[in-house]
Novice: 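There's a structure below that I have some questions on.
Note that the numbering runs from 1 along the sequence shown for the chain. Ligands are counted one by one from 1 in listed order, and the atoms in each one are counted from 1 as well.
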Amino acid sequence: MFKNIVILTGAGVSAESGIPVFRSDNGLWENERIEDVCVPSALARNPGRVHDFYNKLRREVKEKKPNDAHLAIARLQKEWPEKYRGSVSLVTQNIDNMHELAGSADVIHMHGYLFSMLCTSCHRHFSFDQDSHPDDKCPLCGRQTTRPDIVFFEEMPYHMDRIAALLSDCDLFLSIGTSGVVYPAAGFCVQARAVGALCVEFNLEPSATVSNFNYGLYGKASKTVLAFVDHLLKTGEALEEMPR
Ligand code: APR
């Protein structure tokens, strides 16, 4: 019987909300070079371009709504602890706010958050939902050293100690809508398997790390995650294939 569940989400969970994934024919990294907007040197070289990239994303995300996969995850977080006395922790690589809008509490944003800014002088984070500019003053220390609160390539993801602790005590690990090519998130399954957790991936097709999982459910997350969560809440057991 499962008790503690850890869920990892990636861009695929928000695809059906109309938020583009990173790696696909029309993905974000097809239209923008990572070196121009998502590495520390880009911020040093052309901060305006980096701010503008995330301003545009933030504006687009503000128009979007959570889909059935986000809603099912939020329902699992609410109902599982009451019914089965366990926990459901949610780690996301996404910088959007779809999980929050779906009702999930305590979303662990390991790659940062579009609705937060970081001050590189006082190292504090603050909520933010407008367009940002490199000259903006930090509301906490007054210096003009704010940047989008996004973890760039070459930077350390947030909350790694907390995530490691959750993975070391989990019985069921669900990886939803991630291509499995960006570490450390792509290695979480191995950590969960090491403590005996059942590991299931949800994707349109097998990911780069499929061999680490016990099995996968393939199709749109709005369908597969919803069916899995319904079954899990009803029986306490993991659904192994999609009902026909
Ligand atoms: N349902 C399920 N999976 C889907 C759906 C869907 N409706 N649509 C797309 N996918 C899958 C794709 O098949 C792909 O494997 O979601 C995955 C998205 O992969 P990526 O675009 O690589 O996104 P992600 O894995 O979250 O990227 C990881 O890379 O660029 C960085 O920091 C960025 O957090 C991001 C990280």
Novice: Taking only heavy atoms of A221 into account, list the atoms of ligand 1 that are under 4.0 Å away from them.
Specialist: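 Contacts of ligand 1 toward A221, numbered from 1: 1 (N), 2 (C), 6 (C), 7 (N).
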Novice: Got the closest protein heavy atom to atom 27 (O) of ligand 1, with its distance?
Specialist: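 Residue, atom and distance for the closest contact: R23 NH1, 3.1 Å.
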Novice: Which is closest to atom 33 (C) of ligand 1 in terms of heavy atoms, Y218, F22, Y183?
Specialist: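 Looking at heavy atoms only, F22 sits closest to atom 33 (C) of ligand 1.
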Novice: Using 4.0 Å as the upper bound for N to carboxylate O, is an ion pair formed by R45 and D36?
Specialist: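 Here D36 pairs with R45 in a salt bridge, since their nearest N and O are under 4.0 Å apart.
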Novice: Table please: side-chain donor-acceptor pairs of residues 177-200 below 3.5 Å, with sequence neighbours left out.
Specialist:
| residue | atom | partner | partner atom | Å |
| --- | --- | --- | --- | --- |
| T178 | OG1 | Q93 | NE2 | 3.0 |
| R193 | NH1 | N212 | O | 2.5 |

Novice: Considering heavy atoms of the protein only, find what lies nearest to atom 30 (O) of ligand 1 and give residue, atom and distance to 0.1 Å.
Specialist: W29 NE1, 2.6 Å
Novice: Quick one: nearest non-hydrogen protein atom to atom 10 (N) of ligand 1, plus distance?
Specialist: G12 CA, 3.6 Å
Novice: Is there a donor-acceptor pair closer than 3.5 Å between any side-chain N or O of N4 and the backbone N or O of D171?
Specialist: no
Novice: Could you identify the single nearest non-hydrogen protein atom to atom 11 (C) of ligand 1 and state the distance to 0.1 Å?
Specialist: N203 OD1, 3.1 Å
Novice: If we only count heavy atoms from C-beta on, is the R75 to V229 side-chain gap below 4.5 Å?
Specialist: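 Counting from C-beta outward, R75 and V229 do come under 4.5 Å.
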Novice: Any non-hydrogen side-chain atom of I5 less than 4.5 Å from a side-chain atom of L232?
Specialist: yes
Novice: What about E16: any of its N or O atoms under 3.5 Å from an N or O on ligand 1?
Specialist: yes
Novice: Does the side chain of E16 come within less than 4.5 Å of K220's, by heavy atoms?
Specialist: yes
Novice: Suppose the criterion is salt bridge (Lys or Arg N to Asp or Glu O under 4.0 Å): which pairs have a residue in residues 149-167, not counting sequence neighbours?
Specialist: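 Checked against salt bridge (Lys or Arg N to Asp or Glu O under 4.0 Å) - neighbours excluded - the pairs reaching residues 149-167 are D106-R162, R147-E155.
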Novice: Please tell me if the side chains of I176 and L8 come closer than 4.5 Å, counting only heavy atoms from C-beta onward.
Specialist: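 A side-chain contact is absent here, since even the closest heavy-atom pair is not under 4.5 Å.
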Novice: Do H125 and Y158 make the cut of ring centroids closer than 6.0 angstrom?
Specialist: yes
Novice: Could an N or O of ligand 1 be found under 3.5 Å from any N or O of H111, whether backbone or side chain?
Specialist: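 The answer is yes, given that H111 and ligand 1 share an N or O pair closer than 3.5 Å.
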Novice: Before we go on, tell me: are the rings of F115 and F128 under 6.0 Å apart, centre to centre?
Specialist: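 Distance test on ring centres: not under 6.0 Å, no.
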Novice: Can you report which non-hydrogen protein atom sits closest to atom 9 (C) of ligand 1, along with the distance?
Specialist: L204 CD1, 3.6 Å
Novice: Ignoring angles and geometry beyond distance, decide whether Q93 reaches within less than 3.5 Å of ligand 1 through its nitrogen or oxygen atoms.
Specialist: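 For ligand 1, there is an N or O atom that lies under 3.5 Å from one belonging to Q93.
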Novice: Under a 4.0 angstrom heavy-atom cut-off, which atoms of ligand 1 come close to G177?
Specialist: 3 (N), 16 (O), 17 (C), 18 (C)
Novice: Could you tell me whether A11 and ligand 1 have an N or O pair separated by under 3.5 Å?
Specialist: yes
Novice: For G10, take its heavy atoms, then give the atoms of ligand 1 lying under 4.0 Å from any of them.
Specialist: 26 (O)
Novice: Number the atoms of ligand 1 from 1 as they appear, then name those within less than 4.0 Å of a heavy atom of A15, with their elements.
Specialist: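 Counting from 1, the qualifying ligand atoms are 8 (N).
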Novice: Return the residue, atom name and 0.1 Å-rounded distance of the protein heavy atom closest to atom 25 (O) of ligand 1.
Specialist: T178 OG1, 2.7 Å
Novice: Are any of the N or O atoms of F153 closer than 3.5 Å to those of ligand 1?
Specialist: no
